[in-house]
Q: 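The structure's right below; bear with me while I get my questions together.
By convention in this document, chain letters (A, B, ...) are assigned in the order of the sequence lines, proteins followed by strands, and residues within each chain are numbered from 1.
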Protein chains: 2
Amino acid sequence: MTKPPVIDPRRTLTLRDVSEASGVSEMTVSRVLRNRGDVSETTRERVLEAARALGYVPNKIAGALASQRVNLVGVVIPSLSNMVFPEVMTGISETLEDTGLQPVVGVTHYSPEREESVIYEMLSWRPSGMIVAGLEHTEAARAMLAQAGIPIVEVMDIDGTAVDSAVGISHDRAGRQMAEAILAAGYRRIAFLGTMMPHDHRARKRLQGFEEVLSRHGLTLADREFYSGGSALLKGREMTAAVLDRSPDVDFLYYSNDMIGAGGLLHCLDRGIDVPGKVGLAGFNGVELLDGLPRKLATMDACRLEIGRRAAQIIAAKHPDGIIGGEVIELFPTLQPGDTIRRV
Amino acid sequence: MTKPPVIDPRRTLTLRDVSEASGVSEMTVSRVLRNRGDVSETTRERVLEAARALGYVPNKIAGALASQRVNLVGVVIPSLSNMVFPEVMTGISETLEDTGLQPVVGVTHYSPEREESVIYEMLSWRPSGMIVAGLEHTEAARAMLAQAGIPIVEVMDIDGTAVDSAVGISHDRAGRQMAEAILAAGYRRIAFLGTMMPHDHRARKRLQGFEEVLSRHGLTLADREFYSGGSALLKGREMTAAVLDRSPDVDFLYYSNDMIGAGGLLHCLDRGIDVPGKVGLAGFNGVELLDGLPRKLATMDACRLEIGRRAAQIIAAKHPDGIIGGEVIELFPTLQPGDTIRRV
DNA sequence: ACTACGGCTGTTAGCGATAACATAGGTGAT
DNA sequence: ATCACCTATGTTATCGCTAACAGCCGTAGT
C-alpha cells in the first residue's frame, strides 16, 4: 500500500514525505508538528513517529511565507568583543526564551554604513521586531526601521530621538554625575582617556556631559589621550603612563570604559602611585572583571542586563500585533565609588 | 492609467508595488534588485528609483523559498561571554564578508539539549552551511546535521569523530604539551584549577592529556579546585587562595583558562609570592587581556581567529554545491611561556 | 531578403508551508 | 428521530518571489 521508497536520499524532506509515511494529509502533519488545532492522540503519535524516523526538519521559510509570521528578533550591535553587548544579549535571550521568539545578532563594527546594510538584510527576513543599539543611524536606516511596521527598540542610550521605543540610560547625565562626584571629592586637575572611535556616540555624550560640569565649575580637562584597537588593558596602561608623564600634576583620570581604567589602575599600582590619594581613577560600565582587581575601580554600571530585558519585553509585548506607540524607558545607573575616589 | 494609490499605507510593499510604480513586470524588478540577467540601463535606473522612493525592502523569505537558496550560515557556540568565541566569530565574519554569506549565531550555554534545539531551529531555516563548536552532540543533533545536505564544520576540537569537516586543535595534545613544559621546568607538585562544567569537553580533554603525562612521570595532581559562574578573575583569586592555603607545598598552578589564571596571578602578586620561583602558573587560550597584566601569564593560544577563518572558508568553498567529503584540519597552538614558568 | 543571434522583457509554474473553509462522523439535547 | 454542534481530518488558495522558458525586436551575416 505504501509507495516504494525510491526517492533520492539526498533530497530534503517535506511535509508530504511525512504525510505519506504516516498516511494522513499534509495539513494534519502540520497541525501535529505545530501543536495547533485538534488532532487525535493516535494520529498525533503516528505522525510524530514518522517524522522522527525520517528525520524531518520543518522548512520555516515556507512556513513563514504562508503564515506571515516569523519568530525572529533582529539585534543590531556595534561589537561583540567588548564585554558590554554580550551582557545586553544575555538579558535579551533570557527574556525572549519564554516567548517563542529568537534573537538574531548582527554586528556593525561602529560603522553607520554597515549598520544600514545589516538592518536592511535583517528586515528582509521580516522579523517580529528589531533591537538596535544607539539612536544615531543613517537617514535610510531610520526610514527603513520606521516603515517596517514592527516594534523597534533602540537601546543603551536615550539622549536623542527614538524611531519607536527606546530603553537606556542618559550618557550625558552619567558623565555629569561622575564629574560631580569627582569634583566633590576635591579633585581638580582631571584628564580624560578614551577611544578614538568617531561613531561611539555614547562615549562622546558622556564626555560632553562630563566637560560641561567641569566648565560650570570653571575647569577644563587638564589632559586627554585617545587610543584605538589593541588590548584595552594594555592600552590603558600605556595611555596612563603617557598622561602621567606628560602632565605629572594631574590628579584624576577619567576613562571612557572600565577595561582601560583597569589597565590604568594596574599601572598606578605597579608604580606605587597613591590611589586614590595622589591620583583618583574612574571608568564606566561596571564590568564583572573589576571584581577581581586588587583594588576596586570607581565606575558606573550601564544597566546592561536590565536594558536587554526591558527591550525584549517591549518586543514580546507588542508581538500580538497591536501597534502601540513607542515608549521611552530611562534607567538610572548607580555610581559605584569603589576604592579609587577619595572618600569625603 | 495607473491605479489609484488607495492602498493601506501600513501594508508592507511587494515586488508588485515596485513593478507598478515603475511600469515594468515584477520579474524585471526582481532582476534589477538582484543584479542578475540583462536589463537595460534606463529600465534599471527607473526601477531603482521607484524602489528607493517607496522604501521597498525585498522579502527574502519568499525569495529563498523560490530560489531554494539561503545566504545564511548557522554558527552554534556555547557562550558569548568568555572572550574565546567572539574571536572565532570575528574570523568567521571576516571571511564570509566577501562571499555574500552571512553568519547567524546561536548560543547553547554548554547544554547539549539546548544545542540540539538550536541546531534544529537553525536547520529549519535551511542555511547554506553550519559551523558548530565541538564534536560532542546529542545523537539526534548529529543525525540532523548529517542529513542536512549542507557543509557542516565542527570547530575548536579535533579529538573525536566529525560529522563532516572539522577545524581545530587537539586539546589532549595541548594538555600534554603544557605538562611536558611544566615538568621540564622542574615543577613537581602541580595543582589544577578549572571549571565545573560537565559539558566543557575541551577543558576536560586538556586536563586528561595533562594528567596522563603526569602519570607517565609517576606523578598525580597535588590538588584540584573547581568553580562555576561569577567573575572569572575573582574566582581565580579565590580558588588560588584556597589551594595555596590547603596545599602550601604546591609549586605549580595549571588553570583551565586564562581568565582565572590571571586572577590567580594577581593574587600571587598581591601576596608577594615569588612567581615563577616558588610557584609557577599557566593558563590556556592566549587572550588579549594578558598583555596588560603586570606579568605575562604562560599560556597556549587556541588559534581562535584562524579556526574561524578556516571554517568559513570550507563553507564558502562548498557553497556551489559540490558535496565534497569532509576534511579535518588540525591547527597547532604554540606555547607562550610568558613570565610565570621558570626558564630552564 | 532571410536567417541567426543576442539583448531585453514578459508569462507561467512552482517553492513548502499555513489559513480558512469544507466535510465526515459521532454526541447530546429535545 | 431530528437537529445542532463538536471533533478530527481534508481541500483549496494563497504567501512573495524566482527559475525556466517564451517572445519580440533590432542588427549583422550571407
Side-chain angles (χ1 to χ4, degrees), chain A residues 7-8 11-48 50-51 54 56-71 100 121 123-128 148-149 321, chain B residues 7-8 11-48 50-51 54 56-71 100 121 123-128 148-149 321:
Chain A
I7 40 170
D8 175 10
R11 192 176 59 82
T12 68
L13 283 59
T14 73
L15 265 193
R16 155 148 264 113
D17 296 298
V18 182
S19 105
E20 282 172 2
S22 54
V24 298
S25 74
E26 299 174 38
M27 196 58 225
T28 301
V29 176
S30 170
R31 281 195 267 254
V32 171
L33 265 26
R34 284 178 302 147
N35 258 313
R36 195 151 311 202
D38 302 309
V39 180
S40 76
E41 197 46 43
T42 57
T43 309
R44 152 169 274 101
E45 272 165 25
R46 202 140 43 91
V47 168
L48 285 176
L54 291 172
Y56 172 71
V57 177
N59 185 332
K60 284 217 179 177
I61 297 175
L65 183 61
S67 68
Q68 306 280 51
R69 254 184 277 108
V70 179
N71 70 333
E121 283 287 313
L123 286 179
S124 77
W125 286 100
R126 300 291 186 263
S128 291
D321 202 281
Chain B
I7 40 173
D8 175 11
R11 191 178 59 84
T12 70
L13 283 57
T14 73
L15 266 193
R16 153 151 265 113
D17 296 298
V18 182
S19 106
E20 280 172 2
S22 54
V24 297
S25 73
E26 298 175 39
M27 195 60 223
T28 300
V29 176
S30 169
R31 280 194 269 254
V32 170
L33 264 27
R34 283 179 302 148
N35 256 312
R36 196 152 306 204
D38 302 307
V39 180
S40 76
E41 196 47 41
T42 56
T43 309
R44 150 168 275 103
E45 272 164 25
R46 203 140 41 91
V47 169
L48 286 176
L54 291 172
Y56 173 70
V57 177
N59 184 330
K60 284 217 181 180
I61 297 174
L65 183 59
S67 67
Q68 304 281 55
R69 255 184 276 108
V70 178
N71 71 334
E121 282 289 310
L123 287 179
S124 77
W125 286 100
R126 301 290 187 264
S128 290
D321 203 283

Q: Measure the distance from CG on Leu65(B) to P on dA19(D) and round it to the nearest whole Å.
A: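 It is 12 Å, rounded to the nearest whole Å.
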Q: List the atom of Asn59(A), the atom of Ile61(A), and the distance in Å for their closest heavy-atom pair.
A: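 Shortest heavy-atom separation between Asn59(A) and Ile61(A) comes out as OD1-N, 2.8 Å.
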Q: Strictly below 4.0 Å: does Tyr56(B) bring a side-chain N or O up to OP1 or OP2 of dG16(D)?
A: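 False: Tyr56(B) side-chain N/O out of range (4.0 Å or more) of dG16(D) OP1/OP2.
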Q: In whole angstrom, what separates Asn71(A)'s CG from dA17(C)'s C1'?
A: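 Whole-Å distance recorded here is 15 Å.
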Q: Would you mind reading off the distance between Arg34(A) atom CZ and dA19(C) atom C1', rounded to a whole angstrom?
A: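 In whole Å, dA19(C) C1' lies 9 Å from Arg34(A) CZ.
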Q: Closest nucleotide of DNA chain D for Gly63(B) versus for Asp38(A): which of these residues is on the 5' side?
A: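 It is Asp38(A), whose closest nucleotide lies nearer the 5' terminus.
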Q: Taking the side chain as every heavy atom from C-beta outward, state whether Thr28(B) and Arg31(B) have any pair of such atoms under 4.5 Å apart.
A: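 Yes; the side chains approach each other to less than 4.5 Å.
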Q: For the side chain of Ala66(A), starting at C-beta, report the closest nucleotide among dC17(D), dG16(C), dT11(D).
A: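 Nearest to the side-chain atoms of Ala66(A), counting from C-beta on, is dG16(C).
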Q: Is there a side-chain polar atom (N or O) of Thr28(A) under 4.0 Å from OP1 or OP2 of dG10(D)?
A: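 Checking dG10(D) against Thr28(A), a side-chain N or O does come within under 4.0 Å of OP1 or OP2.
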Q: For dA8(D) and Thr43(A) - does any side-chain N or O of the residue sit under 4.0 Å from the phosphate oxygens OP1/OP2?
A: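 No.
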Q: So if I take every side-chain heavy atom of Arg69(B) and compare against dT18(D), dA19(D), dG16(C), which nucleotide ends up nearest?
A: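 Selected nucleotide (nearest to the side chain): dA19(D).
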Q: Count the heavy atoms of every other residue, nucleotide or ligand shown that sit under 6.0 Å from CZ of Arg16(A), and state whether that count exceeds 12.
A: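 No - once you tally the heavy atoms of other residues, nucleotides and ligands closer than 6.0 Å, there are 12 at most.
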Q: Return the nearest nucleotide to the side chain of Asn59(B); candidates are dG10(D), dG10(C), dC17(D).
A: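 My answer, after comparing the listed nucleotides, is dC17(D).
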Q: I want to confirm an ordering. Mapping Ile61(A) and Arg46(B) to their closest nucleotides on DNA chain C, which one lands closer to the 5' end?
A: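 Looking at the nearest nucleotide for each, Arg46(B) comes out on the 5' side.
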Q: Which nucleotide wins on minimum distance to the side chain of Met27(B), given the candidates dC17(D), dG10(C), dG16(C)?
A: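 The answer is dG10(C), which lies nearest to the side chain.
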Q: Tell me the interatomic distance from Leu13(A), atom CG, to dC15(C), atom C1', rounded to whole angstroms.
A: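 The distance from CG of Leu13(A) to C1' of dC15(C) comes to 16 Å, rounded to the nearest Å.
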Q: Whether Gln68(A) contacts dA17(C) is assessed here as follows: a side-chain N or O lying under 4.0 Å from the phosphate OP1 or OP2. Is that the case?
A: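 Checking Gln68(A) against dA17(C): no side-chain N or O falls below 4.0 Å of OP1 or OP2.
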Q: Tell me the interatomic distance from Glu20(A), atom CD, to dG16(C), atom C1', rounded to whole angstroms.
A: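 So the two atoms are 14 Å apart, to the nearest Å.
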Q: Side chain of Ser67(A), heavy atoms from C-beta onward: which of dA19(C), dA17(C), dT18(D) has the nearest atom to it?
A: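 For Ser67(A), the side-chain atoms sit closest to dA19(C).
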Q: If the cut-off is 4.0 Å, is Ser40(B) near the phosphate of dT9(C), judged by side-chain N/O to OP1 or OP2?
A: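 Yes, because at least one side-chain N or O of Ser40(B) sits under 4.0 Å from OP1 or OP2 of dT9(C).
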Q: When rounded to the nearest 0.5 angstrom, what is the spacing between CD in Glu26(A) and CD in Glu20(A)?
A: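 Answer for the CD-CD pair, Glu26(A) versus Glu20(A), is 8.0 Å.
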Q: Could you go step by step and tell me if Val70(B) and Trp125(A) meet the side chain to side chain contact (heavy atoms under 4.5 Å, CB included) rule?
A: CA-CA 11 Å; Val70(B) 178; Trp125(A) 286 100; 3.9 Å; yes
Q: Please pick, from dT18(D), dA19(C), dG16(C), the nucleotide with the shortest atom-to-atom distance to any side-chain atom of Ala62(A).
A: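 Nearest to the side-chain atoms of Ala62(A), counting from C-beta on, is dG16(C).
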Q: With respect to the phosphate group of dT18(D), does any side-chain polar atom (N or O) of Arg36(B) fall under 4.0 Å of OP1 or OP2?
A: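 The answer is no; no side-chain N or O of Arg36(B) sits under 4.0 Å from OP1 or OP2.
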Q: Can you tell me if the side-chain N/O atoms of Thr14(B) get under 4.0 Å from OP1 or OP2 in dG16(D)?
A: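 Indeed not, no polar side-chain atom of Thr14(B) lies that close.
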Q: From dT18(D), dT7(D), dT9(C), pick the nucleotide closest to the side chain of Arg31(B)?
A: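 Nearest to the side-chain atoms of Arg31(B), counting from C-beta on, is dT9(C).
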Q: What distance separates Arg44(A) CZ from Asn35(A) CG, expressed to the nearest 0.5 Å?
A: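 Answer rounded to 0.5 Å: 5.0 Å.
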Q: Figure out the CG/P separation between Asp17(B) and dC15(D), and round it to whole Å.
A: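 My rounded result for the distance is 12 Å.
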Q: Could you tell me how far apart Glu41(B) (CD) and dG7(C) (C1') are, to the nearest whole angstrom?
A: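 Between C1' of dG7(C) and CD of Glu41(B): 14 Å.
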Q: Rounded to whole Å, please give me the gap between CD in Glu26(B) and C1' in dA19(D).
A: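 These atoms are roughly 15 Å apart.
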